[in-house]
**Student:** 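Please read through the structure below; I'll follow up with questions.
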Amino acid sequence: MPVLYDRLLKLKEMFNSKFGSIPKFYVRAPGRVNIIGEHIDYCGYSVLPMAVEQDMLIAVEPVKTHTLQLANTNPLYPDFSTSADNIQIDKTKPLWHNYFLCGFKGIQEHFGLSNLTGMNCLVDGNIPPSSGLSSSSALVCCAGLVTLTVLGLKLSKVELAEICAKSERYIGTEGGGMDQSISFLAEEGTAKLIEFSPLRATDVKLPSGAVFVIANSCVEMNKAATSHFNIRVMECRLAAKLLAKHKGLPWEAALRLEEVQARLGVSLEEMLLITEDALHPEPYSPEEVCRCLGISLWELRTQILSPNTQDVLVFKLYQRAKHVYSEAARVLQFKKICEEAPDNMVQLLGELMNQSHVSCRDMYECSCPELDQLVDICRKFGAHGSRLTGAGWGGCTVSIVPADRLPSFLANVHEAYYQRSNRSLAPEKQSLFATKPGGGALVFLEA
């Protein structure tokens, strides 16, 4: 960990010049890449991420006052201070410090605490922002662990992950918990199958003859600043309700597509057939949704939709449900192939990743032209599979590449995507790099 050690030393110096004192401890939380299983965690389905080496680091000094002083090593992110007893999170502006406040407030509310001690914090992150590698969730997790450590309290990694997943919703993102779970539960050398309700993580051994390469499209998308993401969450919720009603289940309680499958006790393949039968490919208007459920427009808007999706005029329920059920099946197939390790394993895993991208692009509509171009380039130069990763609408792709082809793959993709445009202005090592599964969140005490 020589690079991390150098960063900690540098952070200590910067902290000293900023606050005139030495940090008492440091907290690290990693970003992640989701290998397969996109946009299905909030539908109740398992996902298959791994932590990356890039992370958030926070240097911390508890203080006697009740003031939170937050600073960032990146000059683009201005300093912020507030009273620890009056945390206000502005959902309309996903500013960097609000993600810290989410983690802080999550711990505060979990324990029902008031009169919290203040702290000086200096944040340093090397996860490219809005890249789909979960920089915002890493900051929420880091802040949650910082707060827990300052208070001298204890929680399991699973409890921390669940609190941080819940608390990120303070900023208006209706996520499903994958990012926070892998940030805490990750272990070096293995990807994880993350399952929900109850939250648990199982090791998935990735093929030794292949590497996973992350390529940044250099198109930024901030999940909390756009309604795309939350509209998809609501479309899945509405699809679950219509499918439940179609099958005579109590639809009022249905929130997730997985719940419908569980109640019916059928396979994912059968859910795809039920979707064909129950939903039509043409978009649904709010009025049609109301007719199907027998409710008023007012009830739909106030009781089912989230505040930032109440004015949406079209819902593509068939397409979203088809993506979720097929993607959930691909995750299970991916894990099975990793366990059985057939000779053509890398090729089979690549095919699943390619199918996932097609579904994300055509059925979930969360890709963009640059991501599609980058996926095509990666496949052309030797990736067995390539797909968008993270929320989409920009951010990164992940590709599975035979280890012996890695040097030529990196050189060719760099030339074809980054050099032939102004994208070469982006820092190269943040744009295109091979990654291996990293470890989860940690606390370092100042020696």
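As the structure is a prediction and not an experimental result, all values here were calculated from the model. Values below: all heavy atoms of this structure, side chains included; hydrogens, waters and symmetry mates excluded.
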**Student:** Scan side-chain atoms only and decide if Tyr364 and Glu327 contain a donor-acceptor pair under the 3.5 Å cut-off.
**Tutor:** no
**Student:** Quick check: do Thr149 and Val60 have side-chain heavy atoms less than 4.5 Å from each other?
**Tutor:** no
**Student:** Give the ring-plane orientation class for Tyr418 versus His414, where under 30° counts as parallel, over 60° as perpendicular and anything between as tilted.
**Tutor:** parallel
**Student:** Between Asp372 and Ser367, is any side-chain donor less than 3.5 angstrom from a side-chain acceptor?
**Tutor:** yes
**Student:** Check this for me, if you would: do Glu339 and Lys205 make a salt bridge, where the nitrogen-to-carboxylate-oxygen distance has to be below 4.0 angstrom?
**Tutor:** no
**Student:** Could you report the tightest heavy-atom contact between Cys141 and Cys164, atom names first, then the distance?
**Tutor:** CA-SG, 3.8 Å
**Student:** Any donor-acceptor pair under 3.5 Å linking the side-chain atoms of Gln180 with those of Glu168?
**Tutor:** yes
**Student:** Residues in ring pair (Phe, Tyr, Trp, His ring centres under 6.0 Å) with His246, at least two apart?
**Tutor:** none
**Student:** Hey, does the side chain of Ser131 reach the backbone of Gly395 with a donor-acceptor pair shorter than 3.5 angstrom?
**Tutor:** no
**Student:** Side chains of Glu269 and Tyr325: do they bring a donor and an acceptor to under 3.5 Å?
**Tutor:** no
**Student:** Does some side-chain heavy atom of Glu370 sit less than 4.5 Å from a side-chain heavy atom of Cys218?
**Tutor:** no
**Student:** Look at the aromatic rings of Trp96 and Tyr77 and report parallel, tilted or perpendicular, splitting at 30° and 60°.
**Tutor:** tilted
**Student:** Evaluate Leu70 against Val123 for side chain to side chain contact (heavy atoms under 4.5 Å, CB included), listing each step before the verdict.
**Tutor:** CA-CA 8 Å; Leu70 307 178; Val123 177; 5.8 Å; no
**Student:** One thing to verify: whether Lys436 and Glu188 come together as a salt bridge, which I'm taking to mean a side-chain N less than 4.0 angstrom from a carboxylate O.
**Tutor:** no
**Student:** Under a 3.5 Å distance rule, please check whether Asn354 uses its side chain to pair with a backbone N or O of His384 as donor and acceptor.
**Tutor:** yes
**Student:** Does the plane of the ring in His39 sit parallel, tilted or perpendicular to the ring in Phe229? Use 30° and 60° as the thresholds.
**Tutor:** tilted
**Student:** Under the rule for side chain to side chain donor-acceptor pair (under 3.5 Å), what residues qualify as partners of Glu61, not counting sequence neighbours?
**Tutor:** Ser21, Asn120
**Student:** Strictly distance-based, threshold 3.5 Å: is any side-chain N or O of Thr389 a donor or acceptor partner for the main-chain N or O of Asn34?
**Tutor:** yes
**Student:** Do we see a donor-acceptor contact under 3.5 Å between the side chains of Glu38 and Ser356?
**Tutor:** no
